[in-house]
Visitor: 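The structure is given below, and queries will be raised subsequently.
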Amino acid sequence: KNFPDAKGYADIFEFSGTGYKGRVDIITGGFPCQPFSHAGERNGSDDERYLWPEMLRVVTEIQPRWIVAENVYGLLTIDNGFTVESICSDLESAGYERPIILDTSSDAFGLSTMERHIWIISEATSQRRERSQKEQDQDNRNERKFSGTDTGIINRWDIRTTKFCGVGERVSSRLDKGQRERIKQLGNAIPPYVAYQIFQTINQC
């Protein structure tokens, strides 16, 4: 909706980020929470839906400046904290600073336990940024040499908003019989203003 010209990819297992190396400022994603959620069996990395390794692969292929990952609070407690520590170590090994972990139930956000999510935020180290810039400058020179044109920024992520109101907002909800069920299905969805504050802060860096 917001980026109609952005290319979409249906399956992360079939996606290679090498073509976007150095051209993306931020990779953000809520890798599946089912392996960690208290509402499930909490099988962690043994769950087939554990896709952090694939997100990490994309990060290492693209080498963005920022990583912003989101998940449920259960990620902090599963395996006595070993899983989230492994994720932080993975990012550090990939050339990123020790991640900041935000807990949205803290005083800074004031959300209820039901709305509790965590955000893992990390910036590339200065050495990684310098190396990525040099590599991208060389890639740009190569592309200009063979195509005769400058390369632009490729917008990688196709952002979609969740529409749960089936009719215009000026129409009474009583005329939209399915609205209540659709709102229930949102569950403890991410409050957009939390993400807004995070990205607003990044934008000022």
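Quantities reported herein were computed from a predicted structural model and do not represent experimental measurements.
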Visitor: Using side-chain heavy atoms (C-beta onward) and a distance below 4.5 Å, is Asp79 in contact with Val84?
Guide: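 Asp79 vs Val84: side chains apart.
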Visitor: Yes or no on side chain to side chain donor-acceptor pair (under 3.5 Å) for Asn71 and Trp119, after CA distance, side-chain angles and deciding distance?
Guide: CA-CA 7 Å; Asn71 219 288; Trp119 295 78; over 6 Å; no
Visitor: State, yes or no, whether a side-chain contact exists between Leu75 and Phe31 at a heavy-atom distance under 4.5 Å.
Guide: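 Leu75 vs Phe31: side chains touch.
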Visitor: A quick test of your reading: do over 12 heavy atoms of other residues, nucleotides or ligands sit less than 6.0 Å from CD of Gln200?
Guide: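 Count over threshold, so yes.
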Visitor: Between Thr77 and Gly74, is there a donor-acceptor pair closer than 3.5 Å when you use the side chain of the first and the backbone of the second?
Guide: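 Here the side-chain-to-backbone pair exists.
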Visitor: Is any side-chain heavy atom of Tyr50 closer than 4.5 Å to a side-chain heavy atom of Thr83?
Guide: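 Yes, close enough: below the 4.5 Å cut-off.
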Visitor: I need the minimum non-hydrogen distance between Pro35 and Ile78, along with the two atoms involved.
Guide: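 Nearest heavy atoms, Pro35 then Ile78: O-CD1, 3.4 Å.
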Visitor: Evaluate the ring planes of Tyr9 and Tyr20, with Trp represented by its six-membered ring, and classify them as parallel (under 30°), tilted (30 to 60°) or perpendicular (over 60°).
Guide: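 Perpendicular.
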Visitor: Taking atom CD1 as the centre, does Ile12 end up with more than 12 heavy-atom neighbours from other residues, nucleotides or ligands that are less than 6.0 angstrom away?
Guide: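 Count over threshold, so yes.
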Visitor: Run the ring-ring contact (aromatic ring centres under 6.0 Å, His included) test against Tyr96 and tell me which residues pass, sequence neighbours left out.
Guide: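 For Tyr96 there are no ring-ring contact (aromatic ring centres under 6.0 Å, His included) partners, ignoring immediate neighbours.
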Visitor: For the residue pair Val59 and Ile27, what are the closest heavy atoms and their distance?
Guide: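 What the structure gives for the nearest pair is CA-CD1, 3.9 Å.
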Visitor: Hey, could you give me the CZ/CZ distance between Phe13 and Arg57, rounded to the nearest 0.5 Å?
Guide: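 Those atoms lie 8.5 Å apart.
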Visitor: Work out which heavy atom in Met55 is nearest to a heavy atom in Ala69; give both atom names and the distance.
Guide: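 It is CE-CB, 4.0 Å.
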Visitor: For the atom pair CG (Asp103) and NE2 (His117), what is the distance rounded to the nearest 0.5 Å?
Guide: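 Interatomic distance, Asp103 CG to His117 NE2, rounded to 0.5 Å: 11.0 Å.
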Visitor: Can Arg65 and Glu123 be counted as an ion pair, charged N to O under 4.0 angstrom?
Guide: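 Between Glu123 and Arg65 there is a salt bridge, with a charged N closer than 4.0 Å to a carboxylate O.
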Visitor: Would Phe199 and Thr28 count as a side-chain contact (heavy atoms from CB on, under 4.5 Å) if you check the C-alpha gap in whole Å, the side-chain angles of each, and the deciding distance to 0.1 Å?
Guide: CA-CA 10 Å; Phe199 285 98; Thr28 180; 3.8 Å; yes
Visitor: Answer yes or no: is there a side-chain heavy-atom contact under 4.5 Å between Val68 and Ile120?
Guide: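 Val68 does not reach Ile120 side chain to side chain.
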Visitor: Holding to side-chain hydrogen bond (donor to acceptor under 3.5 Å, both in side chains), I want the full list of residues that pass it with Ser16, two or more places apart in sequence or in another chain.
Guide: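 Scan of Ser16 (side-chain hydrogen bond (donor to acceptor under 3.5 Å, both in side chains), adjacent residues dropped) gives Thr18.
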Visitor: Taking all heavy atoms of Pro64 and all of Ala124, pick out the closest pair and write down the distance.
Guide: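 Reported closest heavy-atom pair: O-CB, 4.0 Å.
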Visitor: Nearest 0.5 angstrom please: Ile67 CD1 to Leu56 CG, how far?
Guide: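 One finds 8.5 Å between CD1 of Ile67 and CG of Leu56.
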Visitor: Sub-3.5 Å donor-acceptor pair from the side chain of Arg49 to the main-chain atoms of Gln34, do we have one?
Guide: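 A pair under 3.5 Å: no.
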Visitor: For Glu92, which residues count as a salt bridge (Lys or Arg N to Asp or Glu O under 4.0 Å) partner, sequence neighbours excluded?
Guide: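 Glu92 satisfies salt bridge (Lys or Arg N to Asp or Glu O under 4.0 Å) with Arg98 once adjacent residues are dropped.
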Visitor: What distance do Leu91 atom CG and Ile87 atom CD1 have between them, rounded to the nearest 0.5 Å?
Guide: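 Taking CG in Leu91 and CD1 in Ile87, the distance rounds to 8.0 Å.
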Visitor: Can you tell me how far CD of Glu70 sits from CG of Leu102, rounded to the nearest 0.5 angstrom?
Guide: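 That separation rounds to 11.5 Å.
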Visitor: Report yes if some heavy atom in the side chain of Phe82 is under 4.5 Å from a heavy atom in the side chain of Glu85; otherwise report no.
Guide: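 No, their side chains stay 4.5 Å or more apart.
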Visitor: Is Asp11 atom CG crowded by more than 12 heavy atoms from other residues, nucleotides or ligands, each under 6.0 Å away?
Guide: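 Yes, CG of Asp11 has more than 12 neighbouring heavy atoms, counting only those of other groups under 6.0 Å.
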Visitor: For the CH2 atom of Trp66 and the CD1 atom of Ile121, what is their distance to the nearest 0.5 Å?
Guide: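 The distance works out to 8.0 Å.
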Visitor: Heavy atoms, side chains only, cut-off 4.5 Å: are Trp52 and Asp90 in contact?
Guide: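 Counting from C-beta outward, Trp52 and Asp90 do come under 4.5 Å.
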